[in-house]
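Here the structure is a predicted model, which is why all the values come from computation and not from measurement.
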Protein chains: 2
Amino acid sequence: MVKKVIDNGKKGVRYNLVLNERAQLVLHSIIENYIQSAEPIGSRTLSKTIGITLSPATIRNIMSDLAELGYLIQNHTSAGRVPTDKAYRFYVNSLATPPSISEQIKEKISQVSNEQGSQVEAILAETVRMLAELTKFACVVSTPKASVSRLQRIELIKISEDRILVILVTKAGVVRDKIIFTNESHTQEFLNSVAEFLNDKFKDHSMQEIRKEIHQSMVDDRTRYHDLLAHAIRLGKKAFELNQPGEMLIDGQMNLLLDSHFHEQSSVRSLIDAFEQKSAIMKILDDSMKHKGVHIFIGIENDLKQLQDCSLITASYRNNQNVLGSIGVVGPTSMDYKRIISMVDYTAKILSKTITEQSYD
Amino acid sequence: MVKKVIDNGKKGVRYNLVLNERAQLVLHSIIENYIQSAEPIGSRTLSKTIGITLSPATIRNIMSDLAELGYLIQNHTSAGRVPTDKAYRFYVNSLATPPSISEQIKEKISQVSNEQGSQVEAILAETVRMLAELTKFACVVSTPKASVSRLQRIELIKISEDRILVILVTKAGVVRDKIIFTNESHTQEFLNSVAEFLNDKFKDHSMQEIRKEIHQSMVDDRTRYHDLLAHAIRLGKKAFELNQPGEMLIDGQMNLLLDSHFHEQSSVRSLIDAFEQKSAIMKILDDSMKHKGVHIFIGIENDLKQLQDCSLITASYRNNQNVLGSIGVVGPTSMDYKRIISMVDYTAKILSKTITEQSYD
DNA sequence: ATTAGCACTAACCCTCAATGAGTGCTAATT
DNA sequence: AATTAGCACTCATTGAGGGTTAGTGCTAAT
């Protein structure tokens with residue numbers, strides 16, 4: 001039996017074992033080469049670019065072992081080898097997080113939207129566009145979740161006998177509007193009183209809390225005998241009802257089509273579908289909101305089939321109070337992780353800073 | 001000299017003359033074939049598919065004449081011929097406008113957004129998405145111009161000592177928000193009075209009118225001695241200042257990349273640029289708002305270089321009162337005009353109907 | 001444990017010839 | 001006079017053959 005490049009010779013368990021240093025170096029080098037060239041890496045090429053002196057034959061042995069361990073695959077005999085998702089996972093885990101970033105890029109990122117008085121959505125749109133341009137991949141950002149952010153103000157505007165326009169302004173600086181229907185007609189003056197009441201009662205409360213409190217008020221007897229209160233609660237219930245499922249802005253989808261790593265038409269086709277559905281990507285963004293720092297989803301780790309040819313790098317952004325949403329880059333599994341991770345990380349930080357400044361607390 | 005397929009033999013003026021019937025038939029047939037196949041059409045192919053019996057040789061003669069008149073070009077000797085922009089212009093001019101449309105398609109278009117209480121922007125987004133899916137091309141729609149639509153209500157919300165959130169609701173059902181800065185701090189109560197004043201004074205006036213009226217008030221002496229009025233006018237000026245340059249929603253850009261008529265990478269690249277700039281397409285949409293019915297911009301007729309490989313089919317939509325914006329399809333010059341024109345036409349009509357129902361008059 | 005050497009593979013590239021769809025022109029036919 | 005058949009010619013496309021190249025795995029020598 002051929003000896004393995006692992007420290008322990010036992011066969012049954014070797015897949016869980018750690019690679020020895022030299023094997024790690026080779027794998028690292030293969031990955032970085034492949035990220036650069038987008039072409040299968042052969043032993044001879046590698047022996048030239050790798051730091052230490054190692055003959056092609058030796059490298060071949062190591063590569064063969066790495067292939068057996070699932071880090072590399074060959075598209076056909078006599079072709080170089082290509083990293084697998086497992087290899088990329090190894091690679092990103094071994095990176096210092098977050099990798100460093102050039103001052104030049106930092107500056108470009110910081111430039112976005114330092115103009116005063118921009119709306120949150122505008123800031124997000126600008127940021128995602130900038131990030132797409134910088135990374136040359138597709139970028140996404142989820143808009144602040146209404147449920148976690150807190151009420152700054154509510155307005156009720158009569159627009160017809162049975163329709164009321166509700167405008168919710170959150171502390172995070174997001175303005176949401178929706179139309180609700182009523183059975184009875186109210187005057188604008190009455191709506192103003194209702195709005196004033198709701199503002200007094202619920203300002204600074206989170207949407208979630210508000211929904212809960214309204215629910216409680218509805219079963220409270222006192223409510224029934226107080227006309228304004230009763231109306232306010234009834235309208236408030238509708239107004240604060242699950243608003244918008246949370247949106248997502250996308251930019252730079254086109255970049256993917258021009259990327260050398262994505263030559264095959266088929267994978268692009270399916271990616272387009274993934275973007276159209278939105279929900280799968282949205283879910284990943286939501287997941288990444290739960291934890292701090294940069295998240296990396298590589299190929300097969302994505303639930304959605306259509307996303308299994310690409311990696312997502314995400315990071316959440318926040319204001320003083322809450323995590324609001326997250327921003328991410330979608331690219332080929334063979335993307336330049338160092339570069340992208342650092343950009344996403346830094347962008348999320350700057351975005352958090354900008355949004356915090358714009359928040360209404 | 002070879003005889004021309006035109007009724008008049010005079011040389012100097014023949015380029016302005018009308019094609020005889022047979023030449024028209026041939027040209028028509030070439031165009032429809034090319035729209036279908038996306039491949040150069042040869043005389044033999046054509047002699048088979050064309051209705052009347054005509055030998056390839058005869059067709060060759062006619063084609064040669066049509067080429068000389070600028071309706072066809074050859075990419076190289078011994079290749080079939082391809083229609084020019086001039087040919088497409090001839091073709092669409094000869095179509096009955098608007099062409100008929102199948103009940104099935106009609107139904108699909110009508111399905112969009114008959115749910116109650118949708119916001120205008122949501123309706124537009126849904127419509128443009130539907131149209132992109134139906135046509136398999138890229139679609140654009142301009143959001144209602146704020147300047148022409150009339151005020152339903154204005155709200156002023158204090159969000160910090162020097163920032164006020166302005167919310168404008170127009171009769172067309174569009175909600176716009178922006179932040180303005182003040183030198184002095186106002187209480188929310190004061191802002192409410194100001195808003196009430198502005199609502200009383202300007203409700204139902206168009207934004208353009210309002211700006212003019214405010215301008216007049218500012219030079220009016222009475223304004224200076226009336227505190228509330230003075231403040232209202234000052235804040236109102238900022239609030240009604242040229243808001244948003246008019247937005248545009250895009251969907252289905254990806255469709256263009258998968259289209260067989262757009263094989264060449266280069267033209268796709270430049271199209272992407274055109275979409276990123278937005279302004280050029282916006283200008284075309286604006287132009288088309290000025291006239292009724294469907295507009296067709298073919299290739300070279302577009303000012304922007306990047307758009308000269310494609311055609312735009314646009315139609316304006318409106319509510320009871322005003323033309324609000326327009327919706328359009330961007331595809332290759334060799335698109336199926338009949339199909340697309342009818343779809344755009346019908347979609348614009350349905351959109352107008354839906355928006356009118358949602359309007360606040 | 002490492003490396004040199006060797007046989008073998010498969011993609012890639014070049015050339016060349018055959019094929020086929022197309023043209024323009026001229027002469028014959030209607 | 002208009003149409004068509006015939007013919008020579010052009011040029012993109014295809015496929016076969018051959019050389020080149022980058023790669024592999026295996027074995028034996030270091």
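- Distance alone, capped at 3.5 Å, places no donor-acceptor pair between the S64(B) side chain and the R60(B) backbone.
- Of the possible polar contacts, none joining the N93(A) side chain to the F90(A) backbone as a donor-acceptor pair under 3.5 Å is found.
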Short heteroatom pairs, N/O only, protein and nucleotides 15-19 of chain D, under 3.5 Å:
none

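- The distance between atom CG of D65(A) and atom P of dA1(C), rounded to the nearest whole Å, is 12 Å.
- Between D309(A) and P332(A), the closest side-chain pair of non-hydrogen atoms is not below 4.5 Å.
- Out of dC11(D), dT24(D), dT2(C), the shortest distance to the side chain of M63(A) is found at dT24(D).
- Atom CZ of R339(B) sits in a crowded spot, with more than 12 heavy atoms from other residues, nucleotides or ligands closer than 6.0 Å.
- The side chain of S55(B) places an N or O atom within less than 4.0 Å of a non-bridging phosphate oxygen (OP1 or OP2) of dT4(D).
- Between I272(B) and N255(A) there is no side-chain heavy-atom pair separated by less than 4.5 Å.
- For the segment residues 30-39 of chain A, the set of residues with a heavy atom within less than 4.0 Å of an atom of DNA chain D is empty.
- Annotation: side chain to side chain contact (heavy atoms under 4.5 Å, CB included) contacts of S100(A) (sequence neighbours excluded): none.
- Here dG23(D) presents its C1' atom at 12 Å from NZ of K48(A), a figure rounded to the nearest Å.
- Between S43(A) and dT24(D) there is a side-chain polar atom (N or O) within less than 4.0 angstrom of OP1 or OP2.
- Remark: DNA chain D takes part in the stems C:1-30 with D:1-30, each of 3 or more antiparallel Watson-Crick or G-U pairs, criterion distances under 3.5 Å.
- A sub-4.0 Å separation between OP1 or OP2 of dA12(D) and a side-chain N or O of S78(B) is absent.
- Out of dT3(C), dC11(D), dG23(D), the shortest distance to the side chain of T58(A) is found at dT3(C).
- Formation of a donor-acceptor pair under 3.5 Å by the Q74(B) side chain with backbone atoms of A79(B) is found in this model.
- Between the N302(B) side chain and the L304(B) main chain, no donor and acceptor come within less than 3.5 Å of each other.
- Of the listed residues (V344(A), D345(A), T135(A)), just one forms a side chain to side chain contact (heavy atoms under 4.5 Å, CB included) with I313(A), and that residue is V344(A).
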So which protein N/O to nucleotides 25-28 of chain D N/O distances come out below 3.5 Å?
from, atom 1, to, atom 2, distance (Å)
dG25(D), OP1, R81(A), NH2, 2.4
dG25(D), N7, R60(A), NE, 3.1
dG25(D), O6, R60(A), NH2, 3.2

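- For K86(B) (side chain) and L69(B) (main-chain N/O), a donor-acceptor pair under 3.5 Å exists by modelled atom type.
- Checked for salt-bridge contact, K108(B) and E133(B) miss the test: no charged N lies under 4.0 Å from a carboxylate O.
- Proximity of a side-chain donor or acceptor of Q308(B) to a complementary backbone N or O of E301(B) within less than 3.5 Å is not detected.
- Protein atom CD of E68(A) is 16 Å distant from nucleotide atom P of dT24(D), rounded to whole Å.
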Name each donor-acceptor pair under 3.5 Å that joins a side chain in residues 49-57 of chain A to protein atoms two or more places apart or in another chain, with its distance.
from, atom 1, to, atom 2, distance (Å)
T49(A), OG1, N33(A), ND2, 3.3
T49(A), OG1, L46(A), O, 3.4
S55(A), OG, A57(A), N, 3.4
S55(A), OG, T58(A), N, 3.2
S55(A), OG, T58(A), OG1, 2.9

